[in-house]
Amino acid sequence: MVRKKQRYFVVEIIYEDNKVDLNLSREDIFRAIRLSIQDLYGDYGIGAFSLNLFVKYVNPYTKLFFVQAPREYQIEIRACLSFIKMLRNRLCILNCIYVTATIKSAEVFLLKRDKETLRALYKNCKNVSERAKIMEFTKKQNLDVLNDLL
């Protein structure tokens with residue numbers, strides 16, 4: 001039996017008003033991707049590459065999600081992601097920031113990116129209470145990010 005090769009897209013949501021949508025779910029993103037596939041590729045696209053398309057991870061706080069898609073349709077799926085302009089009736093832009101062959105390397109990339117973001121936030125803190133909040137968050141998440149800053 002032949003293994004189906006997959007690609008994982010790490011996608012960032014950039015909302016027009018820069019507010020967080022805590023009610024964003026996998027189904028909302030999947031519905032938007034399917035509509036984009038229907039618009040760009042019609043019934044062929046729905047039949048060919050939406051059957052093996054999955055939204056694996058959604059984090060509304062960081063505005064990131066993972067999409068799993070067949071490798072042979074990665075270019076078409078990336079095009080569909082770039083044509084999505086609305087999620088849950090809010091204007092947005094989807095920015096595909098990383099494409100990889102395994103979900104493990106997508107998670108490693110995401111962890112590295114989060115650490116860099118936290119370091120930048122920590123350096124830009126204006127007072128001690130803001131720094132304490134970031135330290136509490138990193139301890140809660142078991143991230144060993146800020147040891148080199150202290």
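For clarity, every value in this text was computed on a predicted model and none was experimentally measured.
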- Message: In terms of relative ring orientation, are Tyr57 and Phe66 parallel, tilted or perpendicular, with 30° and 60° separating the classes?
- Response: tilted
Let me check something: any side-chain donor-acceptor pairs from residues 87-98 under 3.5 Å, sequence neighbours excluded? List them with distances.
unit_1, atom_1, unit_2, atom_2, d
Arg88, NE, Asp21, OD2, 3.0
Arg90, NH2, Asp17, OD1, 2.5
Arg90, NH2, Asp17, OD2, 3.3
Arg90, NH2, Lys19, O, 3.2

- Item | Steps toward side chain to side chain contact (heavy atoms under 4.5 Å, CB included) verdict (Leu110, Thr62) | CA-CA 10 Å; Leu110 189 61; Thr62 60; 5.6 Å; no
- Task: Take Val108 and Lys112, measure what side chain to side chain contact (heavy atoms under 4.5 Å, CB included) needs, and give me the verdict at the end.
- Result: CA-CA 6 Å; Val108 167; Lys112 181 181 175 185; 5.6 Å; no
- Item | Where at least one partner belongs to residues 55-77, residue pairs that pass salt bridge (charged side-chain N to carboxylate O under 4.0 Å, His left out), sequence neighbours excluded | none
- Message: Hydrophobic clusters here meaning ILVMFWY residues chained together by side-chain heavy-atom distances under 4.5 Å, can you tell me if Leu64 and Phe30 are in one?
- Response: no
- Examine Ile77 and Phe83 and state if one hydrophobic cluster contains both, with Ile, Leu, Val, Met, Phe, Trp and Tyr joined whenever side-chain heavy atoms are less than 4.5 Å apart. yes
- Item | Exercise: identify the closest heavy-atom pair between Tyr41 and Cys80 | CE1-SG, 3.6 Å
- Task: Decide whether Ser36 and Asp39 meet the rule of one side-chain donor and one side-chain acceptor closer than 3.5 Å.
- Result: no
- Query: When hydrophobic residues are tied together by side-chain contacts of less than 4.5 Å, even through go-betweens, does Tyr44 share a cluster with Ile46?
  - Reply: yes
- Task: Treating Ile, Leu, Val, Met, Phe, Trp and Tyr as nodes and any side-chain heavy-atom pair under 4.5 angstrom as an edge, say whether Val99 and Val55 lie in one connected cluster.
- Result: yes
- Task: Tell me, yes or no, whether the heavy-atom count around Asp43 atom CG, taken from other residues, nucleotides or ligands under 6.0 Å, exceeds 12.
- Result: no
- Measure the CD1-CD1 distance between Ile84 and Ile33 for me, rounded to the nearest 0.5 Å. 5.0 Å
- Looking only at heavy atoms, what is the nearest atom pair of Ala69 and Leu53, with distance? CB-CD1, 3.8 Å
- Atom CG of Leu51: over 12 foreign heavy atoms under 6.0 Å: yes
- Hey, what do you get for CZ (Arg26) to CG (Asp28), rounding to the nearest 0.5 Å? 12.5 Å
Distance-only donor-acceptor pairs under 3.5 Å for side chains of residues 6-13, two or more places apart:
unit_1, atom_1, unit_2, atom_2, d
Gln6, OE1, Gln68, NE2, 3.3
Arg7, NE, Gln74, OE1, 3.1
Glu12, OE2, Arg113, NH2, 3.3

- Any chance you could measure Lys85, atom NZ, to Glu16, atom CD, to the nearest 0.5 Å? 11.5 Å
